Amino acid sequence: MNKGKYIESFVSWQGEGFNTGQRMLILRVKKCNRACIFNGSSCDTNVKMRISNEFELPFKEIQKTVNDEKAGILLTGGEPTLDIYIDQTVSVINKIKCHLFNIETNGVGLEELIKRVNKNKNIIYVLSPKLFNQTDLIGYKRLIDHIRTNKKVIIKLVTEDRPEIHQFLGWLVETNFDMTRVYLMPQGTFRDEIFRNAPFVFDMAEKYKTNF
């Protein structure tokens with residue numbers, strides 16, 4: 001595979017998590033397995049995914065941009081580990097040469113991706129759990145039990161004050177997960193919503209000894 005399908009390709013900075021401030025080429029895929037179920041209730045790009053058209057981007061153009069801009073790559077979405085994208089996601093990670101890869105995923109294809117990516121790549125897997133009910137909670141506990149020893153995986157939790165969130169964070173603490181690999185971010189599409197949610201997220205970060 002020598003090209004991928006995206007709805008956005010632009011250079012900016014990583015604004016969240018472990019690599020905040022790093023200059024990145026952001027590649028966004030269109031489709032997601034979660035936005036359609038919950039109508040994008042926790043997704044700030046739901047409208048963009050719905051109205052944007054996909055375009056093909058050759059890997060040689062991605063490599064040129066990375067070289068010219070001295071940037072890493074951030075793969076996001078949508079869901080870049082979805083079945084229809086995972087081959088191109090694996091290919092772009094393994095074929096493109098750059099100093100840093102970040103991939104943001106809700107976890108649907110994370111285990112498969114980790115198996116197929118070159119172990120020598122400098123990559124951070126940003127797992128962003130979507131916790132809306134007890135079934136989600138059980139699923140993410142099972143996933144994290146399988147990948148908890150992989151230091152390249154961090155957890156970015158975009159959060160509101162819901163019981164599933166507290167149960168999940170409490171479980172991480174109880175199972176001795178490295179909480180320095182957890183980042184809490186206030187839920188919100190717009191400034192006022194983010195500011196409204198920020199105080200209790202600060203409190204949660206302090207309680208569970210995570211990053212904010």
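Bear in mind the structure is a predicted one, so any value in this text is a computation, not a measurement.
Between Lys5 and Tyr85 the shortest heavy-atom distance is O-CE2, 4.1 Å. Considering all non-hydrogen atoms of both residues, Phe59 and Gln88 come closest at CZ-O, 4.0 Å.
Ile7 places none of its side-chain heavy atoms less than 4.5 Å from the side chain of Val29. In this structure, Ile147 and Glu111 have side chains that are in contact, with non-hydrogen atoms separated by less than 4.5 Å. The side-chain heavy atoms of Asp136 and Asn133, taken from C-beta on, include a pair separated by under 4.5 Å.
Side-chain contact, Thr89 with Arg116: no donor N or O sits under 3.5 Å from an acceptor N or O. Counted by atom type alone, Glu79 and Thr81 present one or more donor-acceptor pairs between their side chains at under 3.5 Å. Of the N and O atoms on the side chains of Asn94 and Asn118, not one donor lies less than 3.5 Å from an acceptor on the other residue.
Residues Trp13 and Met24 do not share a hydrophobic cluster, defined by chaining ILVMFWY side chains whose heavy atoms lie under 4.5 Å apart. By the rule that hydrophobic residues join a cluster once side-chain heavy atoms approach within less than 4.5 Å of another member, Ile154 and Tyr125 end up as members of separate clusters. The cluster map of Ile, Leu, Val, Met, Phe, Trp and Tyr, joined by side-chain heavy atoms under 4.5 Å apart, puts Phe18 and Ile123 in different clusters. No chain of hydrophobic side-chain contacts below 4.5 Å, direct or via other Ile, Leu, Val, Met, Phe, Trp or Tyr residues, connects Ile124 to Val66.
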Determine, stepwise, if the pair Phe212 / Phe202 fulfils ring-ring contact (aromatic ring centres under 6.0 Å, His included). CA-CA 7 Å; Phe212 179 88; Phe202 273 123; 3.8 Å; yes
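Remark: Lys121 NZ is packed, more than 12 non-hydrogen atoms of other residues, nucleotides or ligands lying under 6.0 Å away.
Figure legend: cation-pi geometry between Arg142 and Trp171 absent, as NZ or CZ is not positioned both under 6.0 Å from the six-membered ring centre and within 45° of its axis. A cation-pi arrangement is present between Arg162 and Phe132, with the terminal nitrogen or guanidinium carbon under 6.0 Å from the aromatic centre and inside a 45° cone about the axis.
A distance of 12.0 Å separates CG of Leu184 from CG of Asn197, quoted to the nearest 0.5 Å.
Checked options Asn106, Ile144, Leu157; the residue passing with Leu127 is Ile144 (criterion: side-chain contact (heavy atoms from CB on, under 4.5 Å)).
Salt bridge present: Glu56 and Lys3 bring a charged side-chain N and a carboxylate O closer than 4.0 Å.
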